[in-house]
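Heads up, the thing below is written out as structure tokens.
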Amino acid sequence: MSFTFSDTIAGTVSRHDPVGRAFGLVTADGREFEISLAGDPSAELLRNLQEPYVDASGHIDDMLEAGRFLFVYGVFYPEGSPPRFEAKRLIFMDGKAAEFRFEEKNWWVDQLEKIAGFYRQAQFGEGPVDFAGYRTEIRLGGEKTTSHVQETDTISRLVYGMASAFLLTGDETYLEVAEQGTEYLREHMRFVDHDEDVIYWYHGLSVNGDTEKKLFTSEFGDDYHAIPMYEQIYALAGPVQTYRITGDPRIRRDADATVRLFDRFFLDREQGGYFSHVDPILMSPDHESLGENRERKNWNSVGDHAPAYLINLYLATGDRRYADMLEYTFDTIVERFPDDTHSPFVQERFHRDWSHDTTHGWQQNRAVVGHNLKIAWNLMRMHTLRPKDSYLGLATAIGDTMPAVGSDRQRGGWYDVVERVKDAGQEAHHFAWHDRKAWWQQEQAILAYLILHGLTGREDFLRDARRAEAFYNAFFLDHDEGAVYFNVLASGLPYLLGTERLKGSHSMSMYHSAELCYLGAVYNNLLISGRPMDFWFKPHPDGFPGRVLRVAPDLLPAGRVRITEVEIDGSPHDDYDAQALTVRLPETPRQVKVRVRLTPEQAS
């Protein structure tokens, strides 16, 4: 090496020499770096959104205790072998060596509330909630671009985030956005086919003044002029999360009609699974107009049902039909997606007969790291509903394999897209385009390793969860403008070019950041730390059948949590089944506000 460069090192302190102004830092893969403090570095404590900067520069020597995890950003100098690394910035996870601030009870709740406030302000300002002014594209600071397209999926993802914020905070500001967004989707983006008894969701609207042009087929490059399964799937994400709160029977009917669409036109009844696209005229998966999407299946068409809407629809209803559909999709994943003989990564794209599609578009024979982690996370959820050795086995195998091939063992964080197979002489799976790290793939890692630890008790999974949480909270939170960044460089510095500069786009709305906060709070508190949590609902009087409100926050092991307190409109209510996690609602002509406290058994 004959040049200087800046970089980040993440690790645990192995030793500290205050006289020599240096310390040792051991990375996740066991390498030790000598860190020089001669450059008079700054130091800070990890902080949540809208929290003030806490300077720890005067306490560096006191805080460099053996075993403490931290990030160090500095400069490599070509002076000796190995090169000299001089620290410029240190980020400590907490004031105490063994603690992590993101494990505080309200860390993720507070973060979600701040993210919800950002998007509420960005889309609607200080005025009333009016989705006529909604825009898909939102700039870094929340300003709208000149694009006047309203995409169905991004509205739905915003609705999901707002509904989740209400579930954790009870703030009706967010429920208002969720309910009005759901209404807007139903009125403007929904097509009811009475002949087929199904519902389609438009790709979106092109808005020009008072004129709306409905966009039936996708305008996104990978799916142009087709109806992709994933757009129909994510159209349900926000409304179904809202349904968990309100029990609005119209949402349930919409969801059932959309599921019928999946079964009628996307399901392959002969060879199993769901097709990824159908053409808009004949609703056929094998029409020549689909081009490279003809007769194809992929991760999104098979696996995205579960996290986007299907688990939440089951949680709200307890309907066995949804559990059966979940089991079918997960059995398909276990049977078809692993590809151990060729790659440590799952196969994600297939032809009709399940032969591997390794030449499709941008993906070719590449792995999306986050999809592997997403499979592990959701298999563990499903394992609590219908336990199977195959679910647990594949989930833990992915959990064991992925850190070495998909994560950055020196800097922390998780990569984006890599080649599934190494060429001769290659030591690592090469990057498809770059070594940047996307916000949503960090989410998948965090949730995967939190639930893997929560259900197996394995300490190595907890270490991986903490490292993922640490990188995300240290580098993805935008403390200047609000919400979270789309991408960061490998070192953790924000990447702010092109669409990755935006806070709202075809790819980014509020869904992944909100889902992370919601389930990060659930897993950290209820599965790991043994702390009670409050959840909020506001059911319609004609909502849930039999006036039974189901309050399970996620698919958790039976008996792991119980209801210990219920209030309705601020008054105690004792008509509930603590173990079944259900509340019998009173007869009333109006919506009531319900607060439910769930307590882990080990904390009781």
Side-chain angles (χ1 to χ4, degrees), residues 1-47 53-94 97 407-416 427-428 430-431 433-439 442 467-468 470-480 485-497 500-501:
M1 192 184 90
S2 59
F3 55 89
T4 63
F5 65 94
S6 301
D7 212 341
T8 297
I9 303 174
T12 55
V13 177
S14 58
R15 52 188 169 74
H16 175 217
D17 178 6
V19 177
R21 305 298 293 143
F23 67 98
L25 198 66
V26 179
T27 58
D29 55 1
R31 290 174 296 127
E32 184 176 35
F33 285 82
E34 176 83 4
I35 311 295
S36 171
L37 297 169
D40 193 24
S42 66
E44 63 193 81
L45 296 185
L46 187 72
R47 54 182 170 138
Y53 176 89
V54 178
D55 185 77
S57 302
H59 302 275
I60 291 175
D61 286 331
D62 298 325
M63 298 179 71
L64 287 175
E65 304 169 66
R68 181 192 283 272
F69 180 86
L70 73 152
F71 294 98
V72 182
Y73 182 78
V75 181
F76 280 98
Y77 291 96
E79 300 169 356
S81 181
R84 174 184 173 86
F85 184 80
E86 197 168 281
K88 297 299 180 185
R89 180 193 184 201
L90 283 67
I91 306 176
F92 293 100
M93 298 299 100
D94 193 271
S407 73
D408 187 335
R409 307 298 274 167
Q410 178 170 312
R411 305 168 189 88
W414 290 78
Y415 292 120
D416 186 7
E427 296 184 5
H430 282 206
F431 304 113
W433 310 291
H434 55 70
D435 62 354
R436 299 196 291 274
K437 298 159 184 172
W439 94 107
Q442 315 313 306
R467 288 178 181 273
F471 188 87
Y472 181 85
N473 284 289
F475 299 113
F476 276 88
L477 306 188
D478 185 348
H479 296 291
D480 296 316
Y485 296 116
F486 187 115
N487 260 1
V488 300
L489 300 175
S491 65
L493 294 178
Y495 180 81
L496 303 175
L497 295 176
E500 293 167 56
R501 178 181 176 84

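Just so you know, these numbers come straight off a predicted model, no measurement behind them. Start at 1 with the first residue, then count along the sequence.
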Donor-acceptor contact present, side-chain R68 to main-chain D94, <3.5 Å: yes

Please name the pair of heavy atoms, one in [X] and one in [Y], separated by the smallest distance, quoted to 0.1 Å.
| X | Y | answer |
| --- | --- | --- |
| F476 | F471 | CE1-CE2, 3.8 Å |
| G412 | A10 | N-CB, 4.2 Å |
| V13 | L70 | CG2-CD2, 3.4 Å |
| H479 | R47 | CE1-O, 3.3 Å |
| E34 | A22 | OE2-CB, 3.3 Å |
| A470 | M93 | CB-SD, 3.6 Å |

side-chain hydrogen bond (donor to acceptor under 3.5 Å, both in side chains) against [X], all qualifying residues, sequence neighbours excluded:
| X | value |
| --- | --- |
| D416 | Q441 |
| R84 | S36, E86 |
| D29 | T27, R31 |

Roughly how far, to the nearest 0.5 Å, is [atom2] of [Y] from [atom1] of [X]?
| X | Y | atom1 | atom2 | answer |
| --- | --- | --- | --- | --- |
| D7 | L489 | CG | CG | 10.0 Å |
| L493 | Y485 | CG | OH | 10.0 Å |
| F23 | E65 | CZ | CD | 13.0 Å |

Set of residues satisfying side-chain contact (heavy atoms from CB on, under 4.5 Å) with respect to A87, sequence neighbours excluded: I35, L37, P41, V72, L90

With side chains defined as the heavy atoms from C-beta onward, is the minimum distance between [X] and [Y] less than 4.5 Å?
| X | Y | answer |
| --- | --- | --- |
| V488 | W439 | no |
| D408 | D435 | no |
| L25 | S14 | no |
| Q410 | I9 | yes |
| K437 | Y415 | yes |

More than 12 heavy atoms from other groups under 6.0 Å of CG on D40: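 Count not over threshold, so no.
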
Listed once per pair and sorted, the ring-ring contact (aromatic ring centres under 6.0 Å, His included) pairs that draw on residues 62-81, sequence neighbours left out: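 Every pair satisfying ring-ring contact (aromatic ring centres under 6.0 Å, His included) with a residue in residues 62-81: F5-F76, F69-F71, F71-F475, F76-F85.
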
Quick one: side chains of residues 56-63, donor-acceptor pairs under 3.5 Å with protein atoms, not counting sequence neighbours, listed by atom name and distance.
| from | atom 1 | to | atom 2 | distance (Å) |
| --- | --- | --- | --- | --- |
| S57 | OG | A43 | N | 3.0 |
| S57 | OG | D55 | OD1 | 2.9 |
| S57 | OG | D55 | OD2 | 3.4 |
| D61 | OD1 | H16 | NE2 | 3.1 |
| D61 | OD1 | R21 | NH1 | 2.9 |
| D61 | OD2 | R21 | NH1 | 3.0 |

